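First up is the structure itself, then whatever we jot down about it.
Chain naming here is simple, since letters A, B, ... match the order of the sequence lines and numbering starts at 1 in each. Please read all numbers here as calculations on a predicted model, not as lab measurements.
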Amino acid sequence: GQEFQFGPCRVEGVALQELWEAFRAMKDIVQAKDNITSVRLLRKEVLQNVSDTESCYLLRALLKFYLNTVFKNYLDKAADSRIRKSFSTLANNFFVIASKLQPSQEKEMFSISESARRRFLLFQRAFKQLDIQAAQTKAFGEVDILLTWMERFYQ
Amino acid sequence: DGVAVLPAPQNLSVQSTNMKHLLMWSPVIVPGEIIYYFVEYQGEYESLYMSHIWIPSSWCSPTECPECDITDDITATVPYKLRVRATLGSQTSAWSTLPHPFNRNSTTLTPPVMEVTKDGFHLVIKLEDLGPQFEFLVAYWRREPGAKEHVQVVRSRGIPVHLETMEPGAAYCVKVRTFVKVIGRHSPSSQAECVKVQGETLPL
């Protein structure tokens with residue numbers, strides 16, 4: 001069956017198609033609330049030229065950030081039940097993926113994990129430069145950028 | 001919220017077969033009155049990170065029947081909490097919650113229904129449409145000692161699929177099982193069905 005292969009990290013049990021359908025169902029509503037069009041959090045320096053091995057470290061950091069910071073308070077503001085349903089699909093599947101990403105912690109992987117950490121910090125710094133609600137809305141609206149990047153590792 | 005006067009629905013359970021999930025409960029009876037039920041769910045993420053958030057079911061908020069097809073609501077392979085309450089006008093019952101969270105990886109997978117036919121010398125199979133999450137592992141072989149078993153993965157649903165060009169006079173047998181990607185499980189195999197060129201489908 002289809003699965004993700006982020007370098008050594010293999011993730012089964014998630015249908016990428018379901019994630020796309022969930023995001024598309026709320027994309028217009030979510031992205032319409034993002035008024036800061038001059039800023040992009042998941043910019044090229046974060047996601048471009050990421051090696052397979054590095055991808056597991058980077059995605060784990062990004063997904064944990066989404067789960068703990070971006071998604072966490074989002075539902076309180078999203079009264080629309082269509083958004084809540086799509087949000088739940090995304091959040092729970094991101095939760096599954098993040099729990100299955102177990103990158104190696106061995107010393108020889110330090111340079112790779114450090115490179116992933118620097119990329120993640122670029123994203124996190126950009127996030128922190130915005131007002132928290134504006135940053136959450138923008139990051140949520142950029143889930144399609146993240147899914148597009150993840151698609152590269154879907155087999 | 002209305003005052004909780006109505007009795008809460010009891011005996012909640014989920015019956016799940018081939019990734020179709022049905023939440024059921026005992027009806028609340030008030031003679032001469034129509035009771036409406038509201039169903040809500042919470043995935044593992046919501047229960048861990050925002051436990052005050054419950055999401056109305058797609059099809060059963062409200063419903064009159066004491067059951068709810070929650071298939072469209074269960075969209076990740078994680079435990080889901082489910083709850084139901086009854087309403088009658090402004091009267092509202094307390095919530096009843098499913099005793100154990102439901103995970104779609106516990107669904108019962110049954111051997112798929114198949115139709116094995118011949119189209120001239122062509123061995124053809126038609127499989128039931130179980131939805132996009134299913135793949136079919138079709139095994140077929142020529143019925144003779146030492147025959148090799150071939151396996152073909154079929155993803156198309158509900159349309160005839162050509163398996164093999166048969167030798168005149170030979171008998172061929174087919175059996176199938178399903179594979180569900182998002183839970184990584186197979187169903188049991190179906191019974192084998194055999195056909196013979198210029199003959200009838202032979203029972204085993």
Side-chain angles (χ1 to χ4, degrees), chain A residues 1-5 10-26 62-101 136 139-140 143 147 150 154-155, chain B residues 19 38-62 68 70-82 101-107 109 130-137 153-155 177-187:
Chain A
Q2 283 102 335
E3 62 189 31
F4 287 104
Q5 194 74 53
R10 182 161 163 249
V11 177
E12 291 177 307
V14 174
L16 184 57
Q17 188 55 28
E18 279 183 354
L19 307 193
W20 273 116
E21 282 163 17
F23 183 73
R24 288 191 183 111
M26 56 183 179
L62 287 170
L63 291 186
K64 290 181 83 170
F65 186 83
Y66 266 84
L67 292 169
N68 291 309
T69 307
V70 177
F71 288 166
K72 194 149 183 234
N73 308 309
Y74 196 83
L75 260 191
D76 286 327
K77 296 169 287 189
D80 180 332
S81 65
R82 278 170 314 154
I83 293 251
R84 286 190 168 205
K85 177 175 161 43
S86 299
F87 169 89
S88 180
T89 299
L90 269 178
N92 282 286
N93 279 287
F94 273 17
F95 185 78
V96 169
I97 297 170
S99 63
K100 294 187 175 186
L101 294 174
Q136 280 176 332
F140 205 119
V143 162
L147 291 177
M150 289 167 67
Y154 197 63
Q155 306 168 351
Chain B
M19 297 298 271
F38 287 78
V39 176
E40 294 184 342
Y41 66 92
Q42 208 181 53
E44 186 170 22
Y45 179 79
E46 288 86 15
S47 51
L48 287 176
Y49 285 79
M50 40 180 72
S51 55
H52 60 292
I53 296 280
W54 288 81
I55 299 164
S57 167
S58 302
W59 306 113
C60 316
S61 275
C68 175
I70 55 172
T71 304
D72 289 347
D73 300 323
I74 308 296
T75 54
T77 307
V78 295
Y80 277 80
K81 289 180 181 173
L82 293 146
F102 168 73
N103 191 320
R104 64 182 179 183
N105 61 15
S106 65
T107 193
L109 295 177
L130 291 172
Q133 294 167 332
F134 284 76
E135 290 177 348
F136 296 89
L137 307 181
V153 176
V154 174
R155 291 193 180 90
R177 60 180 178 154
T178 63
F179 176 68
V180 181
K181 297 166 278 190
V182 288
I183 60 174
R185 280 182 45 215
H186 293 93
S187 74

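Closest non-hydrogen pair, T77(B) versus G13(A), comes out as OG1-O, 3.6 Å. A15(A) approaches V182(B) most closely through the heavy-atom pair CB-CG1, 3.7 Å. For the residue pair S88(A) and I55(B), the shortest heavy atom distance occurs at CB-CD1, 3.3 Å. Heavy atoms only, all atoms of each residue included: K72(A) and M50(B) are closest at O-CE, 2.6 Å.
Using a 4.5 Å cut-off between heavy atoms, N105(B) makes no contact with chain A at all. There is no contact between R185(B) and chain A, counting heavy-atom distances below 4.5 Å. In this structure, no portion of Q42(B) lies under 4.5 Å from any heavy atom of chain A. Only the side chain of L48(B) comes within contact range of chain A, with heavy atoms under 4.5 Å apart.
Among residues two or more places apart in sequence or in another chain, the salt bridge (charged side-chain N to carboxylate O under 4.0 Å, His left out) test is passed with E40(B) by R83(B). Applying the salt bridge (charged side-chain N to carboxylate O under 4.0 Å, His left out) rule to R10(A) yields the partners E3(A), E12(A); only residues at least two apart in sequence or on another chain are considered.
R84(A) has its side chain out of reach of E46(B): every pair of non-hydrogen atoms, C-beta onward, lies at least 4.5 Å apart. Side-chain contact between K85(A) and S58(B) is present, with at least one heavy-atom pair separated by less than 4.5 Å.
Under the 3.5 Å distance criterion, the side-chain polar atoms of Y45(B) are matched with a main-chain donor or acceptor of L67(A). Within the 3.5 Å criterion, the main-chain N or O of T75(B) finds a donor-acceptor partner in the side chain of N93(A).
Chosen from V14(A), L19(A), N68(A), V96(A), the residue pairing most often with chain B at heavy-atom distances under 4.5 Å is N68(A).
At most 12 non-hydrogen atoms from other residues, nucleotides or ligands lie less than 6.0 angstrom from NZ of K64(A).
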